[in-house]
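One structure below.
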Amino acid sequence: MDAPYAKLEELEPGIARVLAHNPSAFTYFGTQTYLVGTDEVALIDPGPDLPEHLDALERAIDGRRLAAIMCTHTHRDHSPAARPLAERTGALIIGCAALALETVGPRADASFDGDYAPDRVLHDGEELQVDGDLLTAVATPGHTSNHLCYAWRGALFSGDHVMGWSTTVVVPPDGDMAAYMASLEKLRRRDDRIYYPAHGPAVTNPQQYVRHLVGHRMQRERQILTLVGDRARTIPDIVVSAYPGLDPRLTAAAGGSVLAHLIDLERRRLVERRDDAWTTA
Ligand SMILES: [Zn+2]
């Protein structure tokens with residue numbers, strides 16, 4: 001399939017996207033950079049530092065005032081283009097906090113961007129004027145501890161917290177299942193009309209979709225509890241039973257997700273760990 005790399009596509013009046021050329025098992029066709037606004041624009045998730053993508057973003061901005069360069073979080077497929085774009089345009093980097101970790105485990109393209117340095121950090125509920133309307137930061141930790149979604153004119157830019165094509169990777173130590181579930185609950189109480197995720201198609205039924213995601217994780221949790229209730233099991237043992245037919249490239253990420261569930265269950269005193277094996281408490 002021909003994905004529309006380096007092309008400006010209008011999604012609705014005032015919201016457009018440019019797809020970066022970084023497809024992978026974790027990014028779908030690549031990272032979607034959103035342009036928000038008409039006379040003045042803000043840019044959400046500038047993406048990887050690829051010259052072709054930076055050139056496309058500069059063409060898309062087309063000399064309009066750039067209110068801010070904003071990142072939902074600092075995985076390497078989201079934020080590395082922020083600084084070079086700030087240098088090209090003179091705009092400020094405003095949004096999620098910096099977070100420098102060597103690695104988040106098995107996901108090679110998801111290691112943190114240690115060079116990310118925002119000019120201004122937005123905390124939960126803080127706002128920024130973009131093209132005459134307020135853009136609001138919605139803190140949504142879970143996928144990463146520094147993850148923000150951004151709300152503007154009834155649309156929510158959901159980053160990697162809610163994606164349109166796959167469930168979100170939640171891998172310790174920075175990924176946190178309890179925080180992720182709480183962040184889903186936070187979105188469920190909002191009334192956004194549409195989500196624009198960093199990867200995959202827009203979500204046009206947000207309430208129903210978030211309920212489905214919560215149900216999916218609760219089902220996974222019950223499945224893990226049943227497996228470790230049966231006998232002591234290691235994580236690879238749980239992955240084999242819980243993810244039949246899994247794409248081998250995703251085995252490590254699935255193991256990370258199982259670990260995230262087990263840590264959450266351990267905190268709730270429902271399971272306990274002995275060496276590499278887990279059992280019910
Ligand atoms: Zn990410």
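Start at 1 and go down the list; that is how both ligands and their atoms are numbered.
- Between Y5 and H21, a ring centre-to-centre spacing shorter than 6.0 Å is recorded.
- Applying the ring pair (Phe, Tyr, Trp, His ring centres under 6.0 Å) test to every pair with at least one member in residues 258-281, sequence neighbours left out, gives no pairs at all.
- Among the backbone and side-chain atoms of H143, an N, O or S atom lies under 2.8 Å from the Zn ion (ligand 1).
- Computed with the Zn ion (ligand 1) at the centre, the H75 ND1 to H73 NE2 angle is 90°, stated to 10 degrees.
- Closest approach between the Zn ion (ligand 1) and any N/O/S atom of D160 involves OD2.
- For T72, the side chain to side chain donor-acceptor pair (under 3.5 Å) test picks out D45, with sequence neighbours left out.
- Cation-pi geometry between R249 and F26 is not satisfied (NZ or CZ under 6.0 Å from the ring centre, within 45° of the ring normal).
- For a distance bound of 2.8 Å, the N, O or S atoms of H147 include none lying that close to the Zn ion (ligand 1).
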